[in-house]
Amino acid sequence: MLDVEKVHKKFDGQEVLSGVSLHVDKGDVITILGPSGSGKTTLLRCISFLERADSGRMEFAGTQVDMHRAGKKQVLALRRRMGFVFQSYNLFANKTALKNVTEGLIVARHMDKKAAAEIAESCLQRVGMWEKRNSYPHQLSGGQQQRVAIARAIAGDPEVVLFDEPTSALDPELVGEVLQVMRSLARDGMTMLVVTHEMRFARQAANKVILIDGGHIVEEGRPQEFFVRPRTERARQFLDLLGRENEGGTGAAQ
Amino acid sequence: MNDRILNLLKDSFVQILLPGLEMTVPLTVISFSLGLVIALVTALVQVANVKGLKELARFYVWIFRGTPMLVQLYVVFYGLPKVGLILEAFPAAVVVFSLNTGAYASETIRAAILSVPVGQMEAGYCSGMTYMQTMRRIILPQAMRTAFPPLSNSLIGLVKDTSLASNITVTEMFLTAQRIASRTYEPFWMYLEVGFIYLIFCTALTYLQRWLEKKLERK
Ligand SMILES: Nc1ncnc2c1ncn2[C@@H]1O[C@H](COP(=O)(O)OP(=O)(O)OP(=O)(O)O)[C@@H](O)[C@H]1O
Ligand SMILES: [Mg+2]
């Protein structure tokens with residue numbers, strides 16, 4: 001359903017993505033793991049065209065595009081079929097929770113206000129934020145803001161939702177509520193591409209795990225295999241390091 | 001202070017206030033409104049990085065911030081006729097004041113736009129919106145709230161700066177006061193009085209600003 005092929009991206013002469021390819025089927029929940037600076041964010045941002053890849057091809061929602069050359073109209077059309085959840089929520093500060101969700105429906109998808117509000121309310125219900133629909137972002141906790149952001153990302157009925165470390169900016173006690181929402185989306189069959197450091201989520205909710213390092217995919221597989229019997233030395237090192245960090249008590253609580 | 005002066009102050013108060021309402025206020029309102037439109041366009045082409053226009057905008061801001069307004073008034077009113085462009089005094093003043101306001105306010109608005117976290121622009125994109133849609137509906141409303149206090153400052157500054165238009169024969173408050181002063185030989189009282197009237201205008205604007213700021217905050 002989403003195919004990304006040989007994405008290359010350099011920043012200031014430094015190659016951050018060196019030909020990453022990715023295949024996503026409908027209903028997949030894929031977690032992308034990797035050390036800091038390995039290019040996980042950059043990959044998601046290239047897929048959503050927030051960053052322009054130097055080269056690469058993408059097939060998504062029945063269209064083929066050159067990720068470097070795609071025109072404005074094409075980008076707009078592709079973006080309207082995906083959702084993006086940011087690490088820092090990025091809610092529209094001048095809009096209520098409800099308006100955050102309806103905005104894209106009304107402005108970008110030309111829905112009438114009533115229909116948009118109905119969809120928005122049901123999305124807010126799904127993330128457990130309906131009661132807070134008239135609150136402004138600054139009146140909400142981080143976890144609540146992120147749940148509204150998830151409602152906003154799924155409002156346009158996207159074919160895939162990209163999550164960039166959706167719980168990394170949260171206080172540990174707020175991580176659980178967001179992960180719970182993501183799990184329920186996964187259960188409902190949402191196609192998700194999730195960059196995260198939450199190993200429990202990767203183990204339990206994902207059907208595929210990808211490890212990125214140095215701009216390459218070094219290993220991918222089903223979580224049962226990846227976590228129990230990693231094939232590459234690099235994956236073993238990565239998991240060892242994580243295990244040690246968790247023993248040290250820095251692993252995020254669920 | 002004797003009766004003669006009291007009477008003089010009373011009579012001249014109306015004589016000065018009238019051109020204030022007929023000249024200073026329209027001059028300020030028209031110039032500031034035009035200036036804001038110019039400022040918004042100037043700020044936007046810079047923030048949006050529109051090739052060519054951006055450089056033009058920088059050049060314009062550079063010229064108008066870097067030269068005295070009095071010199072600009074002289075160039076437009078006394079200078080341009082020599083190259084065939086004749087403007088009446090009032091329109092000449094409007095041109096200079098609005099271009100000046102535009103230059104300063106564009107920097108205020110530009111900074112205010114940049115103060116809105118870029119993440120919201122990206123969130124707009126990811127909600128399917130275009131650059132202009134996100135700018136208009138998400139970024140600018142927040143930026144204008146940030147820019148409101150410094151823009152109010154510019155407006156108050158402009159009220160006082162319109163007195164410079166007396167130099168190009170616009171009969172606004174200051175020129176009127178000047179004429180009364182030379183007729184009555186009471187420069188001290190007349191200039192004090194015109195200063196007082198400017199003070200009233202600016203005080204009123206300060207209160208208006210505070211009231212509007214409270215209204216904006218509550219939203
Ligand atoms: N806009 C940019 N300009 C220059 N360099 C950048 C930019 N964005 C990312 N980089 C660099 O690209 C590399 C990969 O960054 P990226 O954010 O994709 O890593 P990441 O895997 O998401 O890391 P983290 O786990 O810390 O979020 C880093 O070295 C980073 O410094
Ligand atoms: Mg990242």
Side-chain angles (χ1 to χ4, degrees), chain A residues 41 44-45 47-51 72-73 75-96 99-111 116 120 123 136-138 145-146 148-158 160-164 169, chain B residues 36 39-40 43-54 108-152 209 211-219:
Chain A
T41 297
L44 292 193
R45 289 174 62 86
I47 294 174
S48 54
F49 294 93
L50 292 176
E51 213 74 71
K72 265 189 192 165
K73 282 228 172 86
V75 167
L76 215 53
L78 290 170
R79 276 203 197 119
R80 283 175 188 170
R81 312 189 70 160
M82 43 177 106
F84 200 106
V85 177
F86 299 86
Q87 182 172 347
S88 48
Y89 340 126
N90 296 347
L91 290 184
F92 306 134
N94 60 330
K95 305 270 176 194
T96 60
K99 291 274 175 62
N100 260 277
V101 185
T102 56
E103 194 66 13
L105 301 178
I106 295 169
V107 179
R109 293 175 178 83
H110 310 294
M111 239 176 238
C123 290
Y136 283 90
H138 69 92
Q145 289 189 52
Q146 192 61 298
V148 173
I150 292 174
R152 177 175 68 181
I154 62 174
D157 194 21
V160 61
V161 183
L162 314 179
F163 293 80
D164 186 17
Chain B
L36 278 188
L40 192 61
L44 278 176
V45 298
Q46 290 178 73
V47 174
N49 227 332
V50 184
K51 297 269 141 50
L53 286 183
K54 179 183 173 174
T108 305
I109 294 176
R110 192 171 68 93
I113 291 174
L114 295 179
S115 78
V116 180
V118 280
Q120 290 187 45
M121 179 57 86
E122 297 188 338
Y125 289 155
C126 289
S127 299
M129 293 194 274
T130 62
Y131 178 84
M132 278 318 286
Q133 286 170 336
T134 315
M135 190 47 95
R136 191 164 46 82
R137 301 191 47 106
I138 309 297
I139 311 295
L140 276 181
Q142 295 178 60
M144 288 325 264
R145 207 178 289 192
T146 311
F148 187 77
L151 288 180
S152 306
Q209 175 191 354
W211 181 71
L212 283 172
E213 262 173 38
K214 282 217 184 85
K215 271 191 75 160
L216 280 175
E217 257 171 43
R218 241 177 282 140
K219 276 219 294 188

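Side-chain atoms are counted along with the backbone in the values below, which use heavy atoms only and exclude waters and symmetry mates.
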Please round to the nearest 0.5 Å and tell me the distance separating atom CE of B/Met121 and atom CZ of A/Phe92.
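That separation rounds to 10.0 Å.
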As an exercise, state the distance from CG of A/Asn100 to CD1 of B/Ile138, rounded to the nearest 0.5 Å.
7.0 Å
Considering non-hydrogen atoms only, spot the tightest contact between [X] and [Y] and give its length.
| X | Y | result |
| --- | --- | --- |
| A/Ala108 | B/Met129 | CB-N, 3.9 Å |
| A/Ala93 | B/Gln142 | CB-OE1, 3.4 Å |
| A/Val107 | B/Arg137 | CG2-NE, 3.2 Å |
| A/Arg109 | B/Ser127 | NH1-O, 3.2 Å |
| A/Asn90 | B/Ala123 | O-CB, 3.3 Å |
| B/Cys126 | A/Leu50 | SG-CD1, 3.9 Å |

Given that the side chain runs from C-beta out, which part of A/Leu78 has a heavy atom under 4.5 Å from chain B: side chain, backbone, both or neither?
neither
Examine whether an atom of A/Arg45 lies under 4.5 Å from a heavy atom of chain B, and if so say whether it belongs to the side chain, the backbone or both; otherwise answer neither.
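Contact with chain B: side chain only.
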Over 12 non-hydrogen atoms of neighbours within 6.0 angstrom of NZ in A/Lys95:
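Yes - once you tally the heavy atoms of other residues, nucleotides and ligands closer than 6.0 Å, there are more than 12.
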